[in-house]
Amino acid sequence: MKQLISLFLKKVPRKYLQLFSHFALKIVAVFYRGDQVECPVCTHHFAKFVPYGRVARANALCPNCLALERHRLMWLYLKEKTDFFTPGKDILHIAPEICFIKRFEVMHGDRYITADLESPLAKVKMDIHEMPFEDNHFDVAFCNHVMEHVADDIQSMKEIYRVLKPGGWAIIQIPIFEPWADTTFEDDSITDPKERERIFGQDDHVRLYGRDYPERLHSAGFEVVEDDYVMTLSEEVVARYALPKDEIIYLCRKK
């Protein structure tokens, strides 16, 4: 199963995965019935979650709503550590995850805006380097696993900062590959897809982030909280929801 999923993710364009994979997973879910793990996003229970990833991770993907480990963690974090679930907020969701879209729309209605350059799930087609929104417009922004794909991540961070209201906040997550270097690595001269995958983790990544990531967020203007929320949870909770054990949540606030 792991090898099949890994091959599938490498060969099928992302937009088609976003549009059609949830139909296939509804069938797969039948074979994962049980009560060993629970998805906090959709509240469904399974014997285990489905393997997922180009290097497939066991117990990763909820076959009902398609939430991954990081999505389940973010849902819990939003509920327990923020006021996100309070109605009446203007929300910007860049590269929206399918597990969140309908649930966030129910909470925030037309004030919840999804946006992306390529995603077929997004309402607004835009380039994150130059977003078509006025200054100081959104209370909250989400941008997860995007910065490793864009040509200029600092400019993209500045755009998120620009469109947030003063006091507004964003969660801007990135993938971390071990061993985690001190400094972010970029090299535009590396164009061979296999070499890019070897060095950057995926052939469509343009940088490999280091421990200086918070400094890059600071340079865009943000006050940054590196929240180790998952490490405050019990082993039982982490296992029940199959959470990433060492994920840092980067909460970025506009001054």
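Quick note: numbers below take in every heavy atom, side chains included, and nothing from hydrogens, waters or symmetry partners.
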Worksheet item: Under a single-linkage definition using a 4.5 Å side-chain heavy-atom cutoff for Ile, Leu, Val, Met, Phe, Trp and Tyr, are L117 and M126 assigned to the same hydrophobic cluster?
Response: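 Cluster IDs for L117 and M126 differ.
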
Counterpart residues, ring-ring contact (aromatic ring centres under 6.0 Å, His included), relative to [X] (two or more places apart):
{"X": "W75", "answer": "F85"}
{"X": "Y229", "answer": "Y77"}
{"X": "H108", "answer": "F84"}
{"X": "F133", "answer": "F138"}

Worksheet item: Among pairs that include at least one residue of residues 92-103, which meet salt bridge (Lys or Arg N to Asp or Glu O under 4.0 Å), considering only residues two or more places apart or in two chains?
Response: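 Non-adjacent pairs meeting salt bridge (Lys or Arg N to Asp or Glu O under 4.0 Å): zero.
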
Discussion item. One pair to check against salt bridge (Lys or Arg N to Asp or Glu O under 4.0 Å): R207 and E148. What are the steps and the verdict?
Written reply: CA-CA 5 Å; R207 63 184 56 82; E148 67 275 13; over 6 Å; no

Between the side chain of [X] and the main-chain N/O of [Y], is any donor-acceptor distance below 3.5 Å?
{"X": "W169", "Y": "T82", "answer": "no"}
{"X": "S119", "Y": "A95", "answer": "no"}
{"X": "D192", "Y": "E195", "answer": "yes"}
{"X": "R211", "Y": "D182", "answer": "no"}

Of all the heavy-atom pairs spanning [X] and [Y], show the shortest one and how long it is.
{"X": "P193", "Y": "D203", "result": "O-CB, 3.3 Å"}
{"X": "M74", "Y": "N144", "result": "SD-ND2, 3.3 Å"}
{"X": "V37", "Y": "A239", "result": "CG1-O, 4.0 Å"}
{"X": "I160", "Y": "A141", "result": "CG2-CB, 3.9 Å"}
{"X": "E38", "Y": "P40", "result": "O-CD, 3.5 Å"}
{"X": "P132", "Y": "V124", "result": "CG-CG1, 4.3 Å"}

Item to complete: Verify salt bridge (Lys or Arg N to Asp or Glu O under 4.0 Å) between D135 and K165, making sure each step is shown before the conclusion.
Response: CA-CA 8 Å; D135 296 358; K165 298 174 183 177; over 6 Å; no

Output the distance between atom [atom1] ([X]) and atom [atom2] ([Y]), rounded to the nearest 0.5 Å.
{"X": "L66", "Y": "Y52", "atom1": "CG", "atom2": "OH", "value": "7.5 Å"}
{"X": "D116", "Y": "L121", "atom1": "CG", "atom2": "CG", "value": "8.5 Å"}
{"X": "S156", "Y": "I172", "atom1": "OG", "atom2": "CD1", "value": "9.5 Å"}
{"X": "H44", "Y": "N64", "atom1": "NE2", "atom2": "CG", "value": "4.0 Å"}
{"X": "L92", "Y": "R111", "atom1": "CG", "atom2": "CZ", "value": "14.0 Å"}
{"X": "C39", "Y": "H45", "atom1": "SG", "atom2": "NE2", "value": "9.5 Å"}

Given side chains that start at C-beta, do those of [X] and [Y] come closer than 4.5 Å, heavy atoms only?
{"X": "H205", "Y": "P175", "result": "yes"}
{"X": "E69", "Y": "L61", "result": "no"}
{"X": "M131", "Y": "I94", "result": "yes"}
{"X": "M231", "Y": "D246", "result": "yes"}

Partner residues of [X] under the side chain to side chain contact (heavy atoms under 4.5 Å, CB included) criterion, sequence neighbours left out:
{"X": "D110", "result": "none"}
{"X": "K123", "result": "E105, T114"}
{"X": "K245", "result": "V238"}
{"X": "H137", "result": "E134"}

Scan the side chains in residues 248-255 for donor-acceptor partners under 3.5 Å anywhere in the protein, sequence neighbours excluded, and list what turns up.
| unit_1 | atom_1 | unit_2 | atom_2 | d |
| --- | --- | --- | --- | --- |
| R253 | NH1 | G167 | O | 3.1 |
| K254 | NZ | N136 | OD1 | 2.7 |
| K254 | NZ | Y161 | O | 3.0 |
| K254 | NZ | R162 | O | 3.2 |
| K254 | NZ | L164 | O | 2.7 |

Worksheet item: Linking Ile, Leu, Val, Met, Phe, Trp and Tyr by side-chain heavy atoms under 4.5 Å, what else ends up with I190?
Response: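 Members besides I190, by chain and number: F177, F185, I199, F200, L208.
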
Worksheet item: Hey, what else clusters with V206 if you join Ile, Leu, Val, Met, Phe, Trp, Tyr whenever side-chain heavy atoms sit under 4.5 Å?
Response: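 Members other than V206 - counting any ILVMFWY side chain reachable under 4.5 Å - there are none.
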
Discussion item. For C42 and C99: C-alpha separation, side-chain torsions, deciding distance, then whether side-chain contact (heavy atoms from CB on, under 4.5 Å) applies.
Written reply: CA-CA 8 Å; C42 66; C99 61; over 6 Å; no

Practice prompt. Test side-chain contact (heavy atoms from CB on, under 4.5 Å) on N59 and F46 and set out the steps.
Written response: CA-CA 10 Å; N59 206 26; F46 301 96; over 6 Å; no

Practice prompt. Could you tell me whether the side chains of D212 and T183 share a donor-acceptor contact shorter than 3.5 Å?
Written response: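 No, because no side-chain N or O of D212 sits under 3.5 Å from a partner of the opposite role on T183.
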
Discussion item. Can you see whether Y112 engages D90 through a side-chain donor-acceptor pair at a distance of less than 3.5 angstrom?
Written reply: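 Note: Y112 and D90 side chains miss the donor-acceptor criterion.
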
Practice prompt. Check step by step if side-chain contact (heavy atoms from CB on, under 4.5 Å) holds for I174 and H145.
Written response: CA-CA 5 Å; I174 54 164; H145 288 228; 5.6 Å; no

Item to complete: Step by step, work out the salt bridge (Lys or Arg N to Asp or Glu O under 4.0 Å) result for K194 and E197.
Response: CA-CA 5 Å; K194 290 184 178 180; E197 183 171 2; over 6 Å; no

Practice prompt. For residues F100 and F142, establish whether the separation of their ring centroids is below 6.0 Å.
Written response: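 No.
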
Fill in: Verdict with supporting geometry, Q173 and M147, side-chain contact (heavy atoms from CB on, under 4.5 Å)
CA-CA 8 Å; Q173 299 295 101; M147 293 300 164; over 6 Å; no

Practice prompt. Is it possible for you to check whether R72 lies under 6.0 Å from the centre of the six-membered ring of F49, through NZ or CZ, and within 45° of that ring's axis?
Written response: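 The answer is yes; both the distance and angle limits are met.
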
Practice prompt. Starting from the C-alpha separation in whole Å, work towards a yes-or-no answer on salt bridge (Lys or Arg N to Asp or Glu O under 4.0 Å) for D153 and R216.
Written response: CA-CA 8 Å; D153 62 332; R216 299 172 83 89; 2.9 Å; yes

Worksheet item: Is the shortest distance from a Lys or Arg side-chain nitrogen in D227 or K81 to a carboxylate oxygen in the other one below 4.0 Å?
Response: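 So D227 pairs with K81 through a salt bridge.
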
Discussion item. Could you check whether D83 pairs with K89 (Lys NZ or Arg NE/NH1/NH2 to Asp/Glu carboxylate O, under 4.0 Å)?
Written reply: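 Judged by the 4.0 Å cut-off on N to carboxylate O distance, D83 and K89 do form a salt bridge.
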
Worksheet item: When you look at CD of E130, are more than 12 heavy atoms from neighbouring residues, nucleotides or ligands closer to it than 6.0 Å?
Response: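 Not more than 12 within 6.0 Å, no.
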
